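Since the structure comes first, as structure tokens, the remarks are kept for the end.
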Amino acid sequence: MRLDIENIKKTYGDKIVLDISNMTIKEGKITGITGPNGSGKSTLLNIISYIDDNFSGKVKYNGMDFSKEVAKNITYVFQKPYLLRRSVYDNIVYPLKLRKVDNKSQTKYANDIMKRLEIEDLSNKRGQQLSGGESQKVALARALVFKPKLLLLDEPTSNIDSESVKIMEREIVNFNKETSGTVLIVTHNLEQAQRICDEVISLDSGKVRN
Amino acid sequence: MDYILQGFKEAISLIIRLDPEVFEIVFMSLLVSTSATILASSFLIPIGVYLGIKKFKGKRMVSRIIYTSMSIPTVIVGLVVAIILSRRGPLGYLDLMYTPKAMVIAQTLLLIPLVLGLTYSLAKSRGSNISNVSFTLGGSKFDSVVLIIKELRVDILVNVATAFSRAISEVGAVMIVGGNIKGHTRVITTSISMMNSMGDYPMAIALGIILLIISFFINSFIYSYGQED
Ligand SMILES: Nc1ncnc2c1ncn2[C@@H]1O[C@H](COP(=O)(O)OP(=O)(O)OP(=O)(O)O)[C@@H](O)[C@H]1O
Ligand SMILES: [Mg+2]
């Protein structure tokens, strides 16, 4: 999915926290977003995902306005993901249930993604009992399992040990290669951006820095 | 002091003997308050969750109205229902006054703002995380409401139990619209109040003990359900 951002402005009171006149996120690429704390990175993802619909300007999704159809093809992994009060497995199949995928395929897709992310051993654990890093891995699995057209990631590897970072990066790249899904990833880690991103956008005080 | 001890002894024996009058009263109480709780909860829990997570203009005003109406006095609800159901009232032709149905109606109305307010404030404080999960994974507003109810089921159940406790322990509304008619609309609270004024302490104490046991039972049920999760 291709994104065109036109004249987006977001304010809290009279403080402008995001002000982007023009920006394009290319289809099928991995785009990194970097910038200091408070520069508006999460705000941008909130707007693109429509979690926050209180802004001025426009975001176009393959040229179209936001709609239920568009929403079904986008997903967003938060920095501090909320896992449901059920097993890890049931967390992962939740988006498949929403899409009325049959039980057999649910099991197949969930097992496949858990294997790829090497979290099979968490399968029967309760979502609410996981550590911060484990939650981030499961949230990534829950997002990848239904193969979205646009994947938004807010510092997905911030609590992750170096071994697991490799696994997660590998699967983000694989997802992008195999499905041509667009990825937008917020990261503070410039090396990570260099490793996996095709392009990097840098934000500062709500503005794009060239 | 002797009559108190005597009262307790007789009360215990009424309960152990499964006194038919005592059990008729207890049964009517449970029937009326359970029906009212189920009616109020089944409609107001989804609505409360929906309003709690929805962003709209004037939400502050709505919060204020909901919260202030939560503590509406029971006699006022009783009075309003009585006026509507009385022979000359707009729904007088239904002939519901002084029936268990009238009591269920009054208690349902009493519980509506309570269930709505408790659910609304729960969803407002803890629902947005959950609805974000559903929304970002492709769910509709309806999916969000369902997911929030499932995720917060323990807290919601506690709210339902709170509503039931309010219903089963209130006197004002059921007294006015039920009339405390023996064998027909007499419930635990209206009997206790009447027997107290007649000086029939054993019966009043027996019913008081049963009321306590019921609330103890409900609370321990909620506690163990909460532990499971
Ligand atoms: N609800 C809010 N009310 C007022 N200001 C807010 C609110 N949410 C965010 N802000 C402000 O908006 C600005 C951008 O915040 P945002 O969360 O997008 O930053 P970020 O780039 O994601 O930072 P970080 O790297 O710390 O995650 C910050 O200055 C923040 O204080
Ligand atoms: Mg952020």
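Predicted, not measured: the structure shown is a model, and the values here were computed from it. In the text below, chain A, chain B and the rest are named by the order of the sequence lines, each starting its count at 1.
Here the side chains of A:Tyr94 and B:Ser134 are in contact, with some heavy-atom distance below 4.5 Å. B:Phe135 has its side chain out of reach of A:Tyr76: every pair of non-hydrogen atoms, C-beta onward, lies at least 4.5 Å apart. Put simply, the side chain of A:Tyr82 does not reach to within 4.5 Å of the side chain of B:Asn132, judged on heavy atoms.
By the neighbour-count criterion of 12 heavy atoms within 6.0 Å, atom CZ of B:Phe142 is sparsely surrounded, having that number or fewer from other residues, nucleotides or ligands. Other residues, nucleotides and ligands contribute only 12 or fewer heavy atoms inside 6.0 Å of the NZ atom of A:Lys125.
For the atom pair CG (A:Asn54) and NZ (B:Lys55), the distance works out to 7.5 Å, reported to the nearest 0.5 Å. Atom CG of B:Leu137 is separated from atom CD1 of A:Ile92 by 11.5 Å, given to the nearest 0.5 angstrom. B:Ser128 contributes atom OG, which lies 9.0 Å from atom CD1 of A:Ile51 (distance to the nearest 0.5 angstrom).
A:Lys68 does not touch chain B: none of its heavy atoms, backbone or side chain, sits under 4.5 Å away. Residue A:Tyr50 touches chain B through both its backbone and its side chain, counting heavy-atom pairs closer than 4.5 Å. With a threshold of 4.5 angstrom between heavy atoms, A:Arg142 approaches chain B through its backbone and through its side chain.
Side-chain atoms of B:Glu151 come within 3.5 Å of backbone atoms of A:Arg85 as a donor-acceptor pair (strictly under, hydrogens ignored).
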With side-chain contact (heavy atoms from CB on, under 4.5 Å) as the criterion, how do A:Ile74 and B:Thr136 come out once you've worked through the C-alpha distance, each side chain's angles and the decisive distance to 0.1 Å? CA-CA 7 Å; A:Ile74 300 182; B:Thr136 55; over 6 Å; no
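Proximity to chain B at a heavy-atom threshold of 4.5 Å picks out nothing from residues 37-47 of chain A.
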